[in-house]
Amino acid sequence: MAVTRACILAAGIGNRLGGASDGKPKALLEFAGRTLLARHLDILASVGVSEVTIGVGYRAEDIAAAADAAGFPGRINYVTNPDYREGSVVTMAVLGDSMSTAGGPALLMDADVLYDREILARLVASPHPNCLLVDRDFEAGDEPVKVCIRGAGEIVDFRKIVETPFDWCGESVGFFKWSPAKARELSDRARAYLSSGRRDAPYEEVIRDAILAAPAEFGFEDVTGLAWLEIDFPADVVRAADEVLPQIERA
């Protein structure tokens with residue numbers, strides 16, 4: 001089934017960037033004169049997505065203005081997380097209805113990633129109805145969110161700090177594809193986090209819970225070798241401009 005809908009998590013402040021962002025939301029960081037958000041929208045349109053919902057919070061008006069000016073040929077919706085200083089699970093919960101109520105699969109995406117179009121094309125084309133993206137070539141440490149694989153391809157954990165035994169792991173790109181049923185489940189799980197007071201959690205914990213509950217329902221695509229970077233720190237801004245963008249442009 002074609003993927004026509006995407007949800008983008010873009011509510012946060014990006015405190016770890018410090019002065020490198022000039023106070024802008026990370027989605028509005030510019031590389032070669034184009035914002036990350038504009039690049040997202042161009043790539044989404046190129047892979048057949050016609051409706052995008054953006055979860056906004058910090059400087060929501062600026063994000064909406066940039067999105068509306070980007071020339072996206074489809075429909076753009078906005079849902080607001082007024083508690084954007086809390087964990088990203090809050091934005092996931094706010095996006096829940098947009099992710100789960102309409103028919104067909106949906107994408108869920110971090111806004112702070114610069115990436116090669118082929119990465120998203122592989123996600124959309126994947127035969128797995130519930131799919132993560134994995135890059136085996138990553139710097140070890142506590143910062144990357146890891147997708148841990150055992151045996152013939154079973155995902156056994158999904159977290160920054162992993163204790164579960166695994167055969168190999170890679171870094172999550174931060175883009176996902178969900179079937180309608182899984183999107184509803186994740187939406188319910190995110191709301192349960194808020195109801196139980198776990199508002200400071202990263203949204204990845206909701207996905208981890210669902211994976212551990214039914215690992216056979218999830219698959220992954222290996223995107224090792226394709227250029228991408230999640231932008232969290234000032235050094236990432238420099239690396240994105242000097243290393244990753246030239247790789248994307250060459251591709």
Side-chain angles (χ1 to χ4, degrees), residues 5-31 34-41 43-44 49 51-70 72 74-102 106-115 143 145 160 172-176 178 183 186-208 229-234 236-237 240:
R5 300 180 298 119
C7 295
I8 300 176
L9 294 145
I13 298 174
N15 282 326
R16 295 185 295 181
L17 276 178
S21 68
D22 287 330
K24 295 185 218 175
K26 289 196 284 185
L28 300 188
L29 291 172
E30 292 188 15
F31 297 94
R34 300 178 65 229
T35 65
L36 290 178
L37 182 58
R39 291 174 180 273
H40 279 311
L41 294 171
I43 293 172
L44 286 166
V49 170
E51 182 172 358
V52 176
T53 301
I54 306 174
V56 296
Y58 175 62
R59 292 182 62 169
E61 299 85 356
D62 294 336
I63 289 180
D68 292 343
F72 181 69
R75 178 180 178 182
I76 301 178
N77 310 305
Y78 304 94
V79 295
T80 301
N81 170 13
D83 301 318
Y84 57 82
R85 295 180 184 275
E86 299 181 324
S88 57
V89 69
V90 181
T91 305
M92 187 179 192
V94 168
L95 279 167
D97 288 341
S98 300
M99 192 170 64
S100 62
T101 54
L107 303 179
L108 179 67
M109 307 171 64
D110 285 335
D112 58 352
V113 183
L114 178 67
Y115 59 100
E143 183 60 30
V145 177
K160 288 187 175 183
S172 169
V173 175
F175 300 163
F176 313 89
W178 307 131
L186 291 167
S187 176
D188 291 342
R189 287 180 179 274
R191 291 190 178 105
Y193 262 62
L194 304 195
S195 298
S196 64
R198 291 177 288 176
R199 300 176 66 91
D200 60 343
Y203 77 88
E204 290 91 349
E205 286 296 291
V206 173
I207 299 172
R208 179 179 186 266
L229 184 67
E230 181 181 12
I231 300 170
D232 287 324
F233 302 100
D236 296 333
V237 177

Practice task
May I ask you to check whether over 12 heavy atoms, not counting those of Arg199, lie within 6.0 Å of atom CZ?
Solution key: yes

Exercise for the section: Identify, with sequence neighbours excluded, every residue that meets side chain to side chain donor-acceptor pair (under 3.5 Å) alongside Ser172. Expected result: none

Exercise for the section: Not counting sequence neighbours, which residues clear side chain to side chain donor-acceptor pair (under 3.5 Å) with Glu143? List them please. Expected result: Arg16, Lys160

Looking at [X] and [Y], what are the two nearest heavy atoms and their distance?
X	Y	value
Leu37	Leu28	CD2-CD2, 4.3 Å
Met99	Ala183	O-CB, 3.3 Å
Ala67	Ile76	O-CD1, 3.6 Å
Ser100	Gly96	OG-O, 2.7 Å
Val113	His40	O-CE1, 3.8 Å
Ala27	Thr35	O-CB, 3.8 Å

Practice task
Applying salt bridge (Lys or Arg N to Asp or Glu O under 4.0 Å), name anything that partners Arg39, two or more places apart in sequence or on another chain.
Solution key: none

Hey, what do you get for [atom1] ([X]) to [atom2] ([Y]), rounding to the nearest 0.5 Å?
X	Y	atom1	atom2	value
Ile13	Arg85	CD1	CZ	3.5 Å
Ser195	Asp188	OG	CG	10.5 Å
Asp110	Leu36	CG	CG	11.5 Å
Ser88	Glu204	OG	CD	5.5 Å
Asn77	Glu51	CG	CD	5.0 Å
Tyr58	Asn81	OH	CG	14.5 Å

Taking side chain as C-beta onward, heavy atoms only, is [X] less than 4.5 Å from [Y]?
X	Y	answer
Lys26	Asp232	yes
Tyr203	Thr91	no
Leu29	Leu17	yes
Arg198	Val89	no
Tyr115	Met109	yes
Phe31	Val237	yes
Lys24	Asp62	no
Val94	Tyr84	no

Problem - Main-chain N/O of Ala65 paired to Asp68 side chain as donor or acceptor, under 3.5 Å - result: no

Problem - Residues Trp178, Ile207; criterion side chain to side chain contact (heavy atoms under 4.5 Å, CB included); working and verdict - result: CA-CA 11 Å; Trp178 307 131; Ile207 299 172; 3.7 Å; yes

Problem - Audit row: Asp112, Asp236, side chain to side chain contact (heavy atoms under 4.5 Å, CB included) steps and yes/no - result: CA-CA 11 Å; Asp112 58 352; Asp236 296 333; over 6 Å; no

Problem - Test side chain to side chain contact (heavy atoms under 4.5 Å, CB included) applied to Leu186 and Leu108, step by step - result: CA-CA 11 Å; Leu186 291 167; Leu108 179 67; over 6 Å; no

Practice task
Would you sort out whether Val79 and Ser98 count as a side chain to side chain contact (heavy atoms under 4.5 Å, CB included), showing the intermediate values?
Solution key: CA-CA 9 Å; Val79 295; Ser98 300; 4.0 Å; yes

